[in-house]
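Just so we're on the same page: letters track the sequence lines, and every chain starts at 1.
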Number of protein chains: 2
Amino acid sequence: MGRVDRSLIAGLPLFAGIAPEGLDRILAGARSTRYAKDSAIFEQEEEAHAFFLLLDGHIRVVRSTPEGQQVIVRYISAGEIFGIASALGRTTYPATAFAVVDCVALSWPTSMWSELSAQFPSFGANTYKTVGTRLQDTHTRVVEMATEQVEQRVAHALLRLLEQTGKKTDEGILIDFPISRQDIAEMTGTTLHTVSRLLSAWEDKGLIRSGRQKVTVVDPHKLMLVANGRSERS
Amino acid sequence: MGRVDRSLIAGLPLFAGIAPEGLDRILAGARSTRYAKDSAIFEQEEEAHAFFLLLDGHIRVVRSTPEGQQVIVRYISAGEIFGIASALGRTTYPATAFAVVDCVALSWPTSMWSELSAQFPSFGANTYKTVGTRLQDTHTRVVEMATEQVEQRVAHALLRLLEQTGKKTDEGILIDFPISRQDIAEMTGTTLHTVSRLLSAWEDKGLIRSGRQKVTVVDPHKLMLVANGRSERS
DNA sequence: GTGCATCTTTGCGCCTTCGCAACGACATCG
DNA sequence: CGATGTCGTTGCGAAGGCGCAAAGATGCAC
C-alpha cells in the first residue's frame with residue numbers, strides 16, 4: 001500500500017484524454033500493493049471487492065474446474081486492468097489471479113466503479129473497449145480450439161505471448177516471464193507431455209530455443225507457418 | 001422496416017427503469033426489419049453500421065476461419081441484443097449473424113450508441129452487463145473445450161440450449177428451433193458424425209428423442225450426469 | 001405423387017493425442 | 001557441496017475421435 005505518482009499512469013492509453021487533476025482524483029481512490037511471486041491477488045468465487053490495474057509484473061488468470069483442472073484464461077501485462085468483474089455486474093471473481101513474478105498493482109474498491117466511469121467517460125469507454133477486445137480474443141480461442149490441432153494451437157499461443165510480452169535478445173524473442181510446459185498446456189488444452197514433445201521437435205528444427213521455464217522464439221516466421229498449418233507434417 | 005409499439009420492448013430487462021417517454025425516444029431512432037429464414041443480418045468483416053435487438057426468432061452467430069470452417073459463437077433469442085461490436089469499439093463485425101427462422105429485429109445506427117448509453121445510463125449498464133456475461137460464458141466454453149471429452153461438451157451444449165430456448169412438450173423439453181447435427185458439431189468443436197453417434201446412443205438409452213433438425217431432451221437429469229462425466233462409459 | 005436435395009446414420013481404418021511411467025536435468029537451500 | 005524438490009524429456013501402449021464412404025430417411029417443390 002502507498003502513494004502513487006501521477007506520472008506512473010499518465011502515459012497509459014487507458015487514461016488518455018484525462019486531465020492531470022482528473023488523474024490525481026482517480027489515484028486518490030486507489031491503493032498500491034506489492035504482490036510476491038506466486039501469490040494470489042484474488043481468488044475464484046471470492047467476493048469481488050476491488051478492480052485492479054497492473055503497474056509492474058505479469059499476472060496469470062486461471063479458472064479451475066470442479067474436478068480441479070486448471071485453465072489459463074489469459075496473462076495480464078503492465079498497464080492492463082484486470083479483476084473487472086465488478087464493472088460487468090458480477091459480484092464474485094470468475095477466476096483466480098496469480099502473480100507470475102513480483103508485481104505491483106493499483107486497486108480501487110468495486111463501489112468506485114460507477115462513480116469513476118461516470119465522471120471520466122473516456123476511462124469507462126476505454127475499459128469497455130478492453131472488455132470487447134477480450135471477448136473477441138476469447139472467441140478466437142474458441143475457434144482455434146474447435147478447428148485446430150494441438151500443434152497449431154500451441155504455436156498460436158506462443159505467438160500471442162510474443163506479441164504481448166516478447167523481448168528481443170541476441171538469440172531471438174524471449175517470453176519475458178517464467179513459463180512452464182504445464183502452463184502452455186493449460187493455455188492450449190493439452191498436456192505438458194505433448195507440449196514438451198512439440199517444443200523439442202521445434203527446437204530440433206531451429207524454430208525455438210527453450211529451457212527451464214523459458215522459451216525463446218528464434219524464427220517467428222516459421223512458427224507462424226506452423227500456426228497456420230502451412231507446415232508439412234514432421 | 002416499420003413502426004414499433006412501445007409495449008413490444010417495455011417488458012425487457014434491457015430497458016428496465018426507463019420511463020415511457022424514454023422508450024419512445026429510443027424507439028424513434030430504431031428501425032424494425034424482418035429477416036427471412038437463412039438470411040444474413042450482417043456478415044463477418046463487414047462495416048459495423050448498426051447494432052440490433054432481436055424481437056422475435058432465433059439468430060445463429062457464426063465465425064468462419066480463413067480455411068472456411070465455421071464455428072457457432074452463440075445463439076441469440078428474442079429480447080437479446082447482438083451485433084454490438086460497435087458498442088465495444090470495433091468498426092467491423094467479428095462474426096456473421098444468420099436468421100435460423102424468420103426473425104424480426106430492431107436496429108440502431110452505430111453512431112447512436114454513445115448517445116443512447118449516455119442518455120440512458122441503465123441501458124448502457126445493462127448492455128455492458130450482457131457483454132460481461134457473454135465473456136464469462138465464452139470463458140466457460142474455453143474451459144470445457146480444454147478439459148472435457150466430446151461427449152461431455154455436447155451434453156453441456158444441449159443443456160445450455162435447453163436453458164435458453166427449451167420448450168416443454170409432452171415428450172420432454174424441445175429445443176425450439178431447427179438445429180442439425182452439423183450445427184451441434186460447430187458448437188462443440190467436433191464433427192457431425194460424432195454428434196450423430198452420440199445422439200443415437202443417448203436415444204437408445206432414453207435420454208433424448210431426436211429427428212431431422214430436432215432434438216427433444218427426455219431426461220435432463222441424466223443428461224446432466226453425462227455432462228459432468230458422472231456417467232459410466234458406454 | 002414423385003423426385004430431389006438435404007440431413008442422418010453407421011461401418012471401418014487410421015492417426016493424433018493422452019496416460020502412465022521412468023529417467024534425467026537443473027536450481028535452490030542449508 | 002551435496003541433498004531435495006521441481007521441472008523437463010521420452011518411450012510405449014491405448015483409445016477417443018476423425019475422415020471417408022455409402023446407404024437410409026425425411027421433407028419440400030413441382
Side-chain angles (χ1 to χ4, degrees), chain A residues 36-38 60 67-71 100-101 144-155 157 175 177-205 208-216 226 229 231-234, chain B residues 36-38 60 67-71 98 100-102 144-155 157 175 177-205 208-216 226 229 231-234:
Chain A
K37 175 175 175 176
D38 292 331
R60 186 178 65 232
E67 287 76 30
Q69 294 190 78
Q70 307 205 321
V71 175
V100 178
V101 295
E144 282 179 9
M145 300 197 74
T147 62
E148 296 179 352
Q149 309 245 104
V150 170
E151 185 174 26
Q152 298 179 56
R153 298 208 302 267
V154 173
I175 294 172
F177 53 79
I179 184 166
S180 68
R181 308 290 184 266
Q182 175 71 35
D183 291 330
I184 298 175
E186 289 178 7
M187 297 179 70
T188 51
T190 180
T191 62
L192 78 163
H193 308 280
T194 301
V195 172
S196 181
R197 282 180 247 266
L198 283 173
L199 295 194
S200 295
W202 290 343
E203 186 142 19
D204 289 348
K205 291 192 202 158
I208 67 167
R209 305 220 51 193
S210 74
R212 194 189 177 82
Q213 312 226 64
K214 183 168 78 77
V215 178
T216 304
V226 174
S231 163
E232 66 293 344
R233 303 271 120 236
S234 59
Chain B
K37 176 174 175 176
D38 293 330
R60 186 178 65 232
E67 287 76 30
Q69 293 190 78
Q70 306 205 321
V71 175
F98 290 106
V100 176
V101 295
D102 287 351
E144 283 179 8
M145 300 198 75
T147 63
E148 296 179 352
Q149 308 246 104
V150 170
E151 185 175 26
Q152 299 180 55
R153 300 208 302 267
V154 173
I175 294 172
F177 53 79
I179 184 166
S180 70
R181 308 292 183 264
Q182 175 71 35
D183 291 330
I184 297 175
E186 288 177 9
M187 297 180 69
T188 52
T190 180
T191 62
L192 79 164
H193 308 280
T194 300
V195 172
S196 181
R197 282 181 247 266
L198 283 173
L199 294 194
S200 295
W202 290 344
E203 187 144 17
D204 289 347
K205 291 191 201 157
I208 66 167
R209 306 219 51 193
S210 74
R212 194 189 176 83
Q213 311 225 67
K214 183 168 78 76
V215 178
T216 304
V226 174
S231 164
E232 66 292 344
R233 303 270 120 238
S234 61

Inset, instruction - Decide yes or no, distance alone: a donor-acceptor N/O pair under 3.5 angstrom between the base of D/dT10 and the side-chain of A/H193. - result: yes
d([atom1], [X]; [atom2], [N]) in whole Å:
X	N	atom1	atom2	result
B/R209	D/dT26	CZ	P	12 Å
B/Q213	D/dA25	CD	P	18 Å
A/E148	C/dT17	CD	C1'	16 Å
A/L192	D/dT6	CG	P	15 Å
B/I184	C/dC7	CD1	P	13 Å
A/D183	D/dC7	CG	P	9 Å
A/R181	C/dC18	CZ	C1'	18 Å
A/L199	D/dC7	CG	P	16 Å

Legend entry - Most 5' of A/R197 and A/R212 on DNA chain D, judged by nearest nucleotide: A/R212
Inset, instruction - Please test A/K37 against A/F177 for side-chain contact (heavy atoms from CB on, under 4.5 Å), starting from the C-alpha separation and ending with a verdict. - result: CA-CA 11 Å; A/K37 175 175 175 176; A/F177 53 79; over 6 Å; no
Of the nucleotides [options], which one has an atom closest to the side chain of [X]?
X	options	answer
A/S200	D/dT10, C/dT10, D/dC18	D/dT10
B/Q149	C/dT17, C/dT8, D/dG16	D/dG16
B/T194	D/dG17, D/dC7, D/dT9	D/dG17

Inset, instruction - Name the nucleic acid region contacted by B/T191, choosing base, sugar-phosphate or nothing; use a 4.0 angstrom heavy-atom cut-off, strictly under. - result: sugar-phosphate
Inset, instruction - Determine the contact category for A/S180: base if any of its heavy atoms lies under 4.0 Å from a base atom, sugar-phosphate if only primed atoms, P, OP1 or OP2 are that close, otherwise nothing. - result: sugar-phosphate
Legend entry - Short side-chain N/O contact from B/S196 to OP1 or OP2 of C/dT8, under 4.0 Å: no
Inset, instruction - Using side chain to side chain contact (heavy atoms under 4.5 Å, CB included) as the criterion, point out the one residue from A/V195, A/L198, A/T194 that pairs with A/I184. - result: A/V195
Inset, instruction - Keeping the roles fixed (side chain from A/D204, backbone from A/A201), state whether a donor-acceptor pair exists under 3.5 Å. - result: no
Legend entry - A/S200 (side chain) donor-acceptor with A/S196 (main chain) under 3.5 angstrom: yes
Inset, instruction - List the steps and the verdict of side-chain contact (heavy atoms from CB on, under 4.5 Å) for B/R153 and B/M145. - result: CA-CA 7 Å; B/R153 300 208 302 267; B/M145 300 198 75; 4.1 Å; yes
